[in-house]
Amino acid sequence: RDIALIHSGITKAGHDITANRVLALTSSIFGWAKSAGLWEENPAIGIKRNKEKSRDRFIQGDELPRFFEAAAKEENEIIRDYILMSLLTGARRSNVLAMRWQDISFDRYEWRIDETKNDTPQTVALSPEAVEILLSRKSSDNGVFVFPGKGKAGHLMEPKKGWKRILDRAGIDNLRIHDLRRTLGSWQAKTGASLAIIGKSLNHKNQNTTAIYARLDLDPVRD
């Protein structure tokens with residue numbers, strides 16, 4: 001009953017997806033406790049989850065020039081380069097934030113990510129534009145992280161203010177940093193890349209996750 005009330009309370013606060021994630025985590029914990037003989041039943045079983053709508057926002061063709069111009073004018077070079085690298089690699093936010101120099105091969109144009117969200121190591125193929133950004137940062141940085149920060153982690157942690165400045169300057173709304181990842185996949189689809197290539201670029205385990213990119217672009221429908 002208490003778990004159902006928590007799930008309902010988070011939902012009523014307008015956080016449907018968060019409520020589902022809390023419920024899933026709770027179910028996982030009690031499921032383990034039951035298998036280990038520490039608990040008799042899983043109280044999270046039977047609670048109805050909220051319906052989730054997959055987000056399909058990405059930077060559109062008319063927005064891209066404004067976005068690049070706004071990013072170029074960002075005075076904080078760490079924020080600017082982080083945002084551009086997020087778009088050019090399509091890597092997850094946490095991985096780009098913690099990007100280390102030791103994981104980058106300038107000879108092979110590659111970035112190795114050993115720890116990812118789905119536990120599958122990833123080798124990111126770096127475009128010439130991404131390498132150019134990295135080389136410009138490398139010339140003035142001898143630290144561990146590509147995007148250094150002042151906190152305990154040693155790297156950039158929260159780029160929200162810089163992100164807002166860029167969006168305000170570009171006149172773009174309803175765009176999240178994670179949407180940069182979707183933007184790369186969407187524009188790959190626009191240029192004819194296969195779902196296998198897009199899935200490899202974004203390190204998807206399940207092809208169903210990648211399939212969303214086959215339906216985002218209206219140009220083929222219009223043609």
Side-chain angles (χ1 to χ4, degrees), residues 1-59 79 82-83 85-87 89-99 113-122 124 145 147 149-164 166-167 172-186 198-199 201-216:
R1 177 179 172 81
D2 289 339
I3 295 175
L5 287 174
I6 292 172
H7 182 263
S8 176
I10 299 175
T11 300
K12 289 179 179 178
H15 305 291
D16 292 11
I17 296 178
T18 300
N20 285 351
R21 298 298 176 270
V22 171
L23 183 60
L25 176 61
T26 304
S27 179
S28 177
I29 293 172
F30 277 103
W32 174 85
K34 182 180 178 181
S35 66
L38 301 175
W39 204 259
E40 293 184 359
E41 60 179 291
N42 187 339
I45 296 296
I47 299 176
K48 186 177 181 180
R49 286 167 167 74
N50 301 316
K51 291 183 178 180
E52 297 185 17
K53 181 180 178 180
S54 61
R55 185 172 170 85
D56 60 3
R57 179 72 164 101
F58 66 98
I59 303 178
I79 295 291
Y82 162 75
I83 294 300
M85 191 60 62
S86 296
L87 175 59
T89 63
R92 292 182 174 88
R93 172 173 170 166
S94 59
N95 292 130
V96 182
L97 287 170
M99 179 185 283
I113 307 175
D114 289 327
E115 296 183 9
T116 65
K117 181 181 178 181
N118 60 18
D119 296 325
T120 302
Q122 179 184 9
V124 178
F145 297 102
F147 306 108
K150 297 180 180 179
K152 292 182 179 180
H155 59 73
L156 181 66
M157 290 296 294
E158 189 47 75
K160 279 186 177 179
K161 291 183 179 179
W163 176 246
K164 185 178 185 303
I166 292 174
L167 293 186
I172 297 174
D173 57 13
N174 188 31
L175 190 72
R176 305 171 185 172
I177 291 179
H178 187 75
D179 294 335
L180 295 177
R181 176 174 166 83
R182 189 178 298 106
T183 296
L184 177 67
S186 300
I198 298 172
S201 298
L202 302 180
N203 199 35
H204 287 163
K205 270 187 174 181
N206 191 331
Q207 190 173 2
N208 291 334
T209 306
T210 311
I212 184 176
Y213 297 101
R215 62 178 175 84
L216 289 181

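The analysis underlying the following values was restricted to heavy atoms, covering all of them including side chains, and did not include hydrogens, waters or symmetry mates. Not measured: the values here are computed from a predicted model.
- Salt-bridge check for R182 with D179: passed, with a basic side-chain N closer than 4.0 Å to an acidic carboxylate O.
- Between atom CD1 of residue I166 and atom CD1 of residue I172 there is a gap of 10.0 Å, rounded to the nearest 0.5 Å.
- Annotation: side-chain contact (heavy atoms from CB on, under 4.5 Å) contacts of N174 (sequence neighbours excluded): R55, R57.
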Open item on the list: The test is side-chain contact (heavy atoms from CB on, under 4.5 Å); show your working for L184 and L202 and say whether it passes.
Closed with: CA-CA 9 Å; L184 177 67; L202 302 180; 4.3 Å; yes
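- Residues satisfying the side-chain hydrogen bond (donor to acceptor under 3.5 Å, both in side chains) criterion with E158, sequence neighbours excluded, are R93.
- T26 is linked by a side-chain hydrogen bond (donor to acceptor under 3.5 Å, both in side chains) to nothing, counting only residues two or more places apart in sequence or in another chain.
- Within the model, atoms CD1 of I45 and OG of S27 stand 4.0 Å from one another, a figure rounded to the nearest 0.5 Å.
- Between Y82 and M99, the closest side-chain pair of non-hydrogen atoms is not below 4.5 Å.
- Taking each heavy atom of I3 and A44 in turn, the nearest pair found is CD1-N, 4.3 Å.
- Shown here for T183 and I59, the closest heavy-atom pair between the two residues is OG1-N, 3.0 Å.
- Side-chain contact between N203 and R92: present, with at least one pair of heavy atoms (C-beta onward) separated by less than 4.5 Å.
- Under the side-chain contact (heavy atoms from CB on, under 4.5 Å) criterion, N206 pairs with N208, T209, not counting sequence neighbours.
- Taking NZ of K160 as the reference point, atom CE of M157 lies at 12.0 Å (rounded to 0.5 Å).
- Atoms CG and OG1, from N50 and T11 in turn, are 3.5 Å apart once rounded to the nearest 0.5 Å.
- Within the model, atoms CG of D16 and NZ of K51 stand 11.5 Å from one another, a figure rounded to the nearest 0.5 Å.
- When the ring-ring contact (aromatic ring centres under 6.0 Å, His included) test is applied to H155, the partners found at least two apart in sequence or on another chain are F145.
- D119 is linked by a salt bridge (Lys or Arg N to Asp or Glu O under 4.0 Å) to nothing, counting only residues two or more places apart in sequence or in another chain.
- The CH2 atom of W163 lies 5.0 Å from the CD1 atom of I83; values are rounded to the nearest 0.5 Å.
- With sequence neighbours left out, the side-chain hydrogen bond (donor to acceptor under 3.5 Å, both in side chains) criterion links R49 to no other residue.
- When all heavy atoms of P159 and I177 are compared, the pair lying nearest together is CG-CD1, 3.6 Å.
- By the side-chain hydrogen bond (donor to acceptor under 3.5 Å, both in side chains) test, K152 is found to be paired with no residue, residues two or more places apart in sequence or in another chain being considered.
- Under the 4.5 Å side-chain criterion, counting only non-hydrogen atoms from C-beta, I113 is in contact with T116.
- Take S201 and apply the side-chain contact (heavy atoms from CB on, under 4.5 Å) test, not counting sequence neighbours, and it matches Q188, I197.
- By the salt bridge (Lys or Arg N to Asp or Glu O under 4.0 Å) test, K150 pairs with no residue at all, sequence neighbours left out.
- The backbone N or O of L87 sits nowhere less than 3.5 Å from a side-chain atom of R181 that would complete a donor-acceptor pair.
- The closest donor-acceptor contact from the side chain of N20 to the backbone of I17 lies at 3.5 Å or more, if one exists at all.
- Between V96 and T89 there is a side-chain heavy-atom pair separated by less than 4.5 Å.
- The ring pair (Phe, Tyr, Trp, His ring centres under 6.0 Å) pairs that include a residue from residues 3-35 are F30-W39, where partners are two or more places apart or lie in different chains.
- Residues satisfying the side-chain contact (heavy atoms from CB on, under 4.5 Å) test with K34, not counting sequence neighbours, are none.
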